[in-house]
**Q** 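I'd like to ask you about the structure that follows.
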Amino acid sequence: MNLLRTCFIVGLLLCGAVMAAPADKRIAISVDDLPLANQRPLSLADKQAQTERMLAALRKHQVPAIGFVNEDRLQVRGEVDGHISLLQRWLDAGMELGNHGYGHLSMQKTPLDQYQDAVLRGDVVLRSLLVPRGQAPRYWRHPYLQTGKSDEETAQFEAFLARRGYRVAPVTVEHDDYVFACVYERADAAGKRRTLEAYLPHLDLALDAYERMSQELFARQIPQILLIHANEINADSLDATLQRLRERGYRFITLDEALADPAYASPTAASKQFGSSWLARWARALNKKLSVYGQPDPSGWVAERYAAECR
Ligand SMILES: [Zn+2]
């Protein structure tokens, strides 16, 4: 009798555990515009400090992140070596680095041959850092997420990338971090606090939207790829951002692992001028209507400041 009762209780517990098991939520973290996407002049010492804060947060949460480099940002008179050493820090911390193009060009506004030159010019230093480590750059991230003026150009460019060992790094989640970053950079201490108070809730709105899109398109939570930028607001808040992701049930994975999911083999529609999440591109290519296409625009005080000072 006792045994029977024990079995019954164990069965209930097991059943409860299975029912309560959360969806397998995974996310890869990608950080664009390395070494630093500052809009106002910033000393090398400040860039070093911001880089260290981002890397400390990534290490604390054991995130295998990938950073995307704009090599033109290394070209600071008298400080080129110092800026290259910022990239070394990312590699020393165990992060991967990819190519984001020399000059951060818009594919929408740039002839393809010139755009391709920016890919080649964009990995000269990167290769010199990776070769001693037995590595080569493997991922390309399109500036502005613009992937071509036509399907033909997209195909032509991706063939060019493939010949050079590159694969496109898509994005499924972004939360307008550049908007908050610009306001944050220009704010005093009180303004910075207010900006941060609005920043994390906006991440939640974005995740609500992209998780819903995943569910509607694939009937499950696919591994997501988050885009953020290397900047002051993320240096100050990446720890909180990663903590929030963990609280929502995410575990952190590499870009490789995310892209191994079959969802990423879905047909992809062209990007139009403003690069949208790949979830929206897949929906367009599959002719599926979704109830939501990303997060609402940032609102209130942050939006007003952005419109007044950053546009
Ligand atoms: Zn960028």
Side-chain angles (χ1 to χ4, degrees), residues 28-42 47 50-51 54-55 58 65-76 83-84 86-87 90 95-110 112 114-126 137-149 154 157-158 161 166-185 199 203 206 224-235 237-238 241 255 271-278 280-281 294-295 298 306 310-311:
I29 307 295
S30 61
V31 187
D32 281 12
D33 297 7
L34 263 56
L36 241 301
N38 54 300
Q39 297 182 13
R40 301 185 130 190
L42 199 61
K47 290 180 187 174
Q50 291 183 19
T51 298
M54 281 186 281
L55 291 174
L58 292 169
I66 179 163
F68 286 95
V69 178
N70 298 124
E71 289 201 6
D72 55 297
R73 297 182 194 274
L74 305 173
Q75 300 303 319
V76 180
H83 282 75
I84 291 174
L86 298 175
L87 301 182
W90 282 80
M95 307 302 157
E96 177 156 8
L97 293 180
N99 186 350
H100 195 34
Y102 196 100
H104 205 275
L105 298 181
S106 155
M107 199 168 181
Q108 211 62 26
K109 296 178 185 163
T110 312
L112 184 59
Q114 190 187 340
Y115 192 80
Q116 292 179 168
D117 287 348
V119 177
L120 303 180
R121 208 176 161 200
D123 70 10
V124 176
V125 173
L126 196 50
R138 304 187 299 143
Y139 285 109
W140 166 260
R141 165 68 48 77
H142 295 83
Y144 313 104
L145 304 184
Q146 293 168 347
T147 53
K149 295 180 269 303
T154 301
F157 180 62
E158 287 184 9
L161 286 179
Y166 277 110
R167 181 173 182 190
V168 170
V171 170
T172 59
V173 180
E174 59 93 13
H175 62 304
D176 309 294
D177 75 324
Y178 62 96
V179 171
F180 292 86
C182 180
V183 173
Y184 191 80
E185 222 181 308
Y199 189 44
L203 172 69
Q224 302 271 11
I225 302 171
L226 174 73
L227 160 66
I228 59 173
H229 296 82
N231 54 32
E232 187 186 9
I233 193 169
N234 289 325
S237 64
L238 189 52
T241 296
L255 186 55
S271 64
K272 306 268 175 67
Q273 181 158 7
F274 298 103
S276 53
S277 162
W278 260 247
R281 298 169 197 226
Q295 74 281 23
Y306 182 76
C310 303
R311 279 220 168 114

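Both counts, for ligands and for their atoms, begin at 1 and track the order of listing.
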**Q** Under 2.8 Å from the Zn ion (ligand 1) - does any N, O or S atom of Asp32 fall there?
**A**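 No.
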
**Q** Ignoring hydrogens and angles, tell me if any N or O in the side chain of Thr172 forms a donor-acceptor pair with the backbone of Trp278 under 3.5 Å.
**A** no

**Q** Nearest N/O/S atom of Asp33 with respect to the Zn ion (ligand 1), by atom name, please.
**A** OD1

**Q** Rounded to the nearest 0.5 Å, how far does CG of Leu238 lie from CD1 of Ile29?
**A**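 Interatomic distance, Ile29 CD1 to Leu238 CG, rounded to 0.5 Å: 7.5 Å.
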
**Q** Rounding to 10°, state the angle centred on the Zn ion (ligand 1) that links NE2 in His104 with NE2 in His100.
**A**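 That angle is 100°.
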
**Q** Answer with yes or no whether the side chains of His104 and Asp72 bring together a donor and an acceptor at under 3.5 Å.
**A** no

**Q** Side chains of Tyr306 and Asp176 only: does a donor on one sit below 3.5 Å from an acceptor on the other?
**A**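 No.
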
**Q** Would you say His229 reaches the Zn ion (ligand 1) with an N/O/S atom under 2.8 Å?
**A**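 So His229 does not count as coordinating the Zn ion (ligand 1).
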
